[in-house]
Amino acid sequence: MKRLIPALFIAFPACADPVFIDRSAALPVQHIYAGGWEHFVGGGVAVFDCNGDAKPDMLIAGGANPATLLINDTASPGDGITFRQGELARIDHSTGAYPLDIDGDGNIDIALLRVGPDRLLKGDGHCHFSDASDDWGFHPRDAWTTAFSATWENGNEWPTLAFGHYVDRSNPNGPFEACDTSDLYRPEGRGYSRSEVIAPGFCALSMLITDWQRNGAPELRISNDRHYYVRGGYEQMFRLNPLAERVEDWKKVSLWGMGIASQDVNDDGLPDVMLTSMGDQLLQFNTGTGFQNAPFSIGTYSQRPFLGDDGRPSTGWHAEFGDIDNDGLMDLFISKGNVDQMPSNAIHDPNNLLMQQSDGTFVEKADKAGIATTERSRGAALVDFNGDGLLDIVVVNRRAPLELWQNATGNTGNWAAIEPKTARNTPAIGAWIEVRANGRTTAREVTIGGGHAGGQSGPVHFGLGSSTQAEFRIIWPDGTASEWTELPQNRITEVRANGKTLELGG
């Protein structure tokens with residue numbers, strides 16, 4: 001029987017409550033995700049290094065406003081986070097953005113989601129982007145796109161791309177029971193042509209391709225919005241090659257799905273999954289053959305606002321795991337916010353910062369951390385913007401300004417950030433990183449997708465607690481496992497394969 005909660009872990013003394021400093025006022029532009037019905041959902045942010053200076057930059061969807069590029073201008077590690085506005089051709093009606101090196105030239109490109117035809121933006125390594133959709137044979141239909149994921153299949157030089165579509169705007173009988181299908185693009189040489197239809201479609205709001213069974217066969221998970229499919233729909237899993245829905249052994253769950261976060265929470269080597277929703281935020285533990293709902297006592301359901309007197313259900317959007325205090329335990333951030341003015345759900349709905357305890361339960365600390373704002377939050381990211389080894393937070397709000405929070409938590413543990421690289425699939429999507437420290441083995445999969453309408457490309461962060469010695473290995477996308485290697489601490493390490501050994505860079 002798979003244990004649902006991790007064993008007791010006392011390798012690092014209890015940290016102080018998390019503390020964050022609001023850096024929003026220092027942003028060079030007040031970015032707001034705006035718009036009517038077609039922008040009730042979406043509002044994602046892509047986080048990546050667009051100029052090779054090892055500082056994470058951002059491209060943020062704008063909805064009815066233009067998308068915004070912000071370039072990280074922080075002076076030195078540990079300094080106050082600052083950004084400058086980058087040059088970006090005007091892009092309207094964007095809902096989200098995901099960073100990945102599509103053409104394998106070592107520069108991050110962008111899959112841009114839109115209300116309208118999606119776009120593939122080619123990066124030049126100097127924070128300039130051009131629309132390469134036509135050059136790459138990418139000719140998507142006019143749809144309402146709200147989800148994305150990607151992987152590299154069968155040794156292909158280019159990635160397979162999945163775009164998830166929401167309500168079919170052309171259906172005269174909509175919007176209810178008018179969910180659109182989605183599209184899968186496999187590369188043909190160095191580009192794309194036609195798509196394969198992902199059906200049935202139940203109004204996708206998040207997608208994630210993950211090797212959840214760790215058997216070398218990644219599959220596509222889709223979280224769907226029950227509000228529009230009304231009946232007959234459910235959360236989905238698709239095999240990729242050939243494309244087919246997993247139905248014979250897939251336990252159907254129906255919810256108002258908004259976002260997906262995947263992480264091995266209980267250190268058994270298998271990725272568990274958090275599904276955000278209107279109402280319960282559902283954590284499911286991976287059994288290897290399916291998923292089992294976490295017990296309510298674990299503290300992650302966050303079904304109602306924890307501040308104020310509004311007893312109506314919460315609305316969760318972006319969920320992301322990360323070790324906020326570097327104690328070696330994964331914490332969980334969830335952005336919250338009413339769709340618009342839905343009277344059935346809370347209007348003032350604070351974001352959650354759920355800190356994992358040594359017994360595997362989670363405790364709310366967003367109020368203590370000072371980040372329990374109540375705007376209509378959508379996309380978000382946990383990322384170390386100023387290179388001090390602490391994960392900061394950016395939050396995209398609908399009809400309210402972008403929020404930027406610098407982590408200033410005291411008494412934190414050691415850390416390591418690992419960035420695996422390969423030749424064709426340069427960000428090593430599909431690789432597994434395993435870290436041994438404090439008598440535990442923590443596993444992280446390198447993926448692109450999930451969240452709500454936005455994601456990251458860059459170093460994978462590990463908290464190490466009080467450990468002064470740790471080791472790691474990488475199971476590369478082709479299945480080759482490296483030897484265990486001493487892990488450099490309190491720094492970012494780029495890693496490449498050399499047979500079964502690892503070449504470590506700065």
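We're numbering straight along the sequence, starting at 1. Note that these values count all heavy atoms, side chains included, but never hydrogens, waters or copies made by symmetry.
- Taking each heavy atom of T441 and W484 in turn, the nearest pair found is CG2-CH2, 4.4 Å.
- With contacts defined as side-chain heavy-atom distances shorter than 4.5 Å, the pair M278/V339 qualifies.
- Between S302 and F362, the closest side-chain pair of non-hydrogen atoms is not below 4.5 Å.
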What do the steps show when you test L208 against T447 for side chain to side chain contact (heavy atoms under 4.5 Å, CB included), and what is the final call? CA-CA 8 Å; L208 182 62; T447 61; 3.9 Å; yes
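- Residue pairs meeting the ring pair (Phe, Tyr, Trp, His ring centres under 6.0 Å) criterion with at least one member in residues 393-421, sequence neighbours excluded, do not occur.
- Y98 is linked by a ring pair (Phe, Tyr, Trp, His ring centres under 6.0 Å) to F148, counting only residues two or more places apart in sequence or in another chain.
- Remark: S223 pairs with E235 by the side chain to side chain donor-acceptor pair (under 3.5 Å) rule, at least two apart or across chains.
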What verdict does the ring pair (Phe, Tyr, Trp, His ring centres under 6.0 Å) test give for W144 and H165, after you've listed the backbone C-alpha separation in whole Å, the side-chain angles of each residue and the deciding distance to 0.1 Å? CA-CA 5 Å; W144 182 355; H165 308 307; over 10 Å; no
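- Looking only at distances, a side-chain donor or acceptor of T95 sits under 3.5 Å from a matching main-chain atom of L113.
- Between the S149 side chain and the I209 main chain, a donor and an acceptor come within less than 3.5 Å of each other.
- L161 has its side chain within reach of P159: a pair of non-hydrogen atoms, C-beta onward, lies under 4.5 Å apart.
- For the pair Y33 (side chain) and S377 (backbone), a donor-acceptor distance under 3.5 Å is absent.
- Residues passing the salt bridge (Lys or Arg N to Asp or Glu O under 4.0 Å) test with K421, sequence neighbours excluded: E419.
- R444 forms no cation-pi arrangement with W432, by the criterion of a distance under 6.0 Å to the ring centre and an angle within 45° of the ring axis.
- Not counting sequence neighbours, H318 has no partner by the ring pair (Phe, Tyr, Trp, His ring centres under 6.0 Å) test.
- D92 pairs by the salt bridge (Lys or Arg N to Asp or Glu O under 4.0 Å) definition with R90, not counting sequence neighbours.
- When all heavy atoms of P477 and I429 are compared, the pair lying nearest together is CG-O, 3.5 Å.
- Atoms CE and CG, on M274 and L282 in that order, are 7.5 Å from each other to the nearest 0.5 Å.
- Side-chain atoms of T374 and P350, non-hydrogen and from C-beta on, do get closer than 4.5 Å to each other.
- Inspection of the T145 and D118 side chains reveals an N or O donor paired with an N or O acceptor under 3.5 Å.
- Of the possible donor and acceptor atoms, one in the side chain of H452 sits under 3.5 Å from a partner among the backbone N and O of G42.
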Stepwise side chain to side chain contact (heavy atoms under 4.5 Å, CB included) test for D109 and L121: CA-CA 6 Å; D109 310 306; L121 306 182; over 6 Å; no
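- There is a side-chain donor-acceptor pair under 3.5 Å between E445 and T210.
- Residue pairs meeting the salt bridge (Lys or Arg N to Asp or Glu O under 4.0 Å) criterion with at least one partner in residues 374-393, sequence neighbours excluded, are absent.
- Between the N72 side chain and the P56 main chain, a donor and an acceptor come within less than 3.5 Å of each other.
- When all heavy atoms of S24 and L404 are compared, the closest pair comes out as OG-N, 3.0 Å.
- Formation of a donor-acceptor pair under 3.5 Å by the W212 side chain with backbone atoms of L270 is not found in this model.
- H348 pairs by the side chain to side chain donor-acceptor pair (under 3.5 Å) definition with nothing, not counting sequence neighbours.
- The shortest heavy-atom contact between M342 and N338 is N-OD1, 2.8 Å.
- No side-chain N or O of T412 forms a donor-acceptor pair with one of N326 less than 3.5 Å apart.
- Judged by distance alone, the side chains of E486 and Q469 never bring a donor and an acceptor atom under 3.5 Å apart.
- Tested against E403, the residues L27, V394, I393, N397 include a single side-chain contact (heavy atoms from CB on, under 4.5 Å) partner, N397.
- Pairing each heavy atom of L487 with each of I418, the nearest pair is CD1-CD1, 3.7 Å.
- Pairs engaging residues 448-475 under the salt bridge (Lys or Arg N to Asp or Glu O under 4.0 Å) rule: E434-R473, R436-E471 [sequence neighbours left out].
- A heavy-atom distance below 4.5 Å is found between the side chains of L112 and L59.
- Side-chain polar atoms of E364 and N352 form a donor-acceptor pair below 3.5 angstrom.
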Step by step, would you call D327 with L464 a side chain to side chain contact (heavy atoms under 4.5 Å, CB included)? CA-CA 6 Å; D327 65 351; L464 301 175; over 6 Å; no
Run the side chain to side chain contact (heavy atoms under 4.5 Å, CB included) check on F385 and V47 step by step: do they pass? CA-CA 10 Å; F385 282 115; V47 180; 4.2 Å; yes
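- At least one donor-acceptor pair under 3.5 Å links the side chain of D101 to the backbone N or O of G106.
- At a cut-off of 3.5 Å, with distance as the only test, no side-chain donor of N351 or S335 sits close to an acceptor on the other residue.
- Residues D325 and P18 form no side-chain contact, since every pair of their non-hydrogen atoms from C-beta on lies 4.5 Å or further apart.
- In summary, the aromatic rings of W256 and H227 are positioned with their centroids too far apart to meet the 6.0 Å limit.
- The shortest distance between side-chain heavy atoms of Q281 and Y301 does not fall below 4.5 Å.
- Judged purely by distance below 3.5 Å, without hydrogens or angles, the side chains of Q303 and S314 never pair a donor atom with an acceptor atom.
- Taking D310 as the reference, R312 meet the salt bridge (Lys or Arg N to Asp or Glu O under 4.0 Å) condition, with sequence neighbours excluded.
- For Q284, the side chain to side chain donor-acceptor pair (under 3.5 Å) partners are R221, N293, not counting sequence neighbours.
- Using modelled atom types and a 3.5 Å distance limit, the side chains of D225 and Y166 yield a donor-acceptor pair.
- A salt bridge links R399 with D340: at least one charged nitrogen is closer than 4.0 Å to a carboxylate oxygen.
- Expressed to the nearest 0.5 Å, how far CD1 of I60 lies from CG of L70 amounts to 4.0 Å.
- A pairwise comparison of heavy atoms in P305 and A346 identifies CG-CB, 3.5 Å as the closest pair.
- Side-chain contact check for F333 versus D331: every heavy-atom pair is 4.5 Å or farther apart.
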Which atom pairs, one a donor and one an acceptor, fall under 3.5 Å between side chains of residues 77-88 and the rest of the protein, sequence neighbours left out?
from, atom 1, to, atom 2, distance (Å)
D79, OD2, S76, N, 3.2
T82, OG1, D73, O, 3.1
T82, OG1, T74, N, 3.4

